[in-house]
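Following: one structure in structure tokens, then a few remarks.
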Protein chains: 2
Amino acid sequence: MAPTKTEARWLNPREMKAWRNYIIASRRMLEALDGDLADYELTLADYEVLAQLSDAPGRKLRMSELAEIAMVSKSRLSHRMKVMEAAGWVRREECPEDRRGYFAVMTDKGFKAIERAAPTHVGSVRNRFLDHLSVKDQEDLAKIFDRLQSQLRGQFIEEDGTSK
Amino acid sequence: MAPTKTEARWLNPREMKAWRNYIIASRRMLEALDGDLADYELTLADYEVLAQLSDAPGRKLRMSELAEIAMVSKSRLSHRMKVMEAAGWVRREECPEDRRGYFAVMTDKGFKAIERAAPTHVGSVRNRFLDHLSVKDQEDLAKIFDRLQSQLRGQFIEEDGTSK
DNA sequence: TCCAAATAGTTGAAAGTTAAAGTACTTCGT
DNA sequence: ACGAAGTACTTTAACTTTCAACTATTTGGA
């Protein structure tokens, strides 16, 4: 089935500029953020995983939940966990309540690793993003992207018929 | 050298919301756009490469230039070109002016392929992005991301000492 | 002119990602 | 309480991307 029913009239210059400025700047910004983390042997995606884990109670989360909130697939998380486990940053723990399941648990070493990276990362986010936005810009962006996000969720439900 | 000198004070709730809403929605949107193109055996990155090529005079561009404007690395472009060449969408042509160089040339088949995908893609961009923005939102976003982009370029120059 | 350095592009290997299938366990309906 | 279907997670294999090294050519001095 076609993913969209909107007729395909071309983008006008204003639309084009909004769209292209947005994706180009975003791609470059993400690249830069990733580059900034490279000094800590981390990618943005791995950072996200560790950050979420470090915020969890007991620095411990079910694999699925971690995958969900860090926005990576289960398969990818599995693979990355193997790498991070080898680095001594996390370990897996069996879940007694549901024996199919596992917890991802952050080790002290992992916590230190992300504690070390966090100031730089936050600095990058300011440096490359927030510092260039007025308070109003920040509020506008938050609103706009919140709208986009909920719309996306809506379309997802429509498309595959699943409600979660 | 540290990539940033900004002190690492934590993000306040407003900053946090702007940043997180932005990356989360962006990631999901990009995923969705990619998904929409999958029906045409294209990724967003490949689409971008072909779209740029189809816009070029003679549907023909030097590899480096194409890599630059489509925002992929030279190496990646080389590899993708091999795949697209096998699909019959592009071919390489020697450059007589600079015998180290090559042109990427879009074939008729390639042009047809992107012509087929374009309406859907434009539809997706409307559907998932533009339709949810007021005219003012579009203008604001264009301005903000333009600012971010030029800032990024500035930092890039600082960091590696290169001026291009 | 000659050579060192820079540039254009490709390549191969390593690392990362995804998609599909596999294992193990739980849930649900009867 | 049984079996089918569903869920949690992992694994394998195919594919993609990156990184560094390589070839070929051009450029820019001395």
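Letters A, B, ... are given to chains in the order of the sequence lines, protein chains preceding strands, and every chain is numbered from 1.
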Does OP1 or OP2 of C:dT11 have a side-chain N or O of B:K82 closer than 4.0 Å?
yes

Would you call the rings of B:Y22 and A:F129 parallel, tilted or perpendicular, taking 30° and 60° as the class edges?
parallel

Send over the distance from A:E68 CD to D:dA8 P, rounded to a whole Å.
11 Å

B:R92 side chain: which of D:dA8, C:dG16, C:dT10 is closest?
C:dT10

Tell me, please, whether B:F111 has B:R59 positioned over its six-membered ring: NZ or CZ under 6.0 Å from the ring centre and within 45 degrees of its axis?
yes

Considering just the side-chain nitrogens and oxygens of B:R76, establish if one lies under 4.0 Å of OP1 or OP2 belonging to D:dT17.
yes

When A:R91, A:R92, A:R80 are each screened for salt bridge (charged side-chain N to carboxylate O under 4.0 Å, His left out) with A:E85, the one that passes is A:R92

Which nucleotide sits closest to the side chain of B:R62: D:dT16, C:dT18, C:dA8?
C:dA8

Within 6.0 angstrom of B:E41 CD, more than 12 heavy atoms from elsewhere:
no

Is a donor-acceptor contact shorter than 3.5 angstrom present between the side chain of B:S75 and the base of D:dC19?
yes

Measure from CE on A:M63 to P on C:dC25 and round the result to the nearest Å.
17 Å

Under 4.0 Å between a side-chain N or O of A:R100 and OP1 or OP2 of C:dA24?
no

It should be established whether B:R99 places a side-chain nitrogen or oxygen under 4.0 Å from OP1 or OP2 of nucleotide D:dA24.
no

B:H79 NE2 to D:dA14 P, in whole Å, measures 19 Å

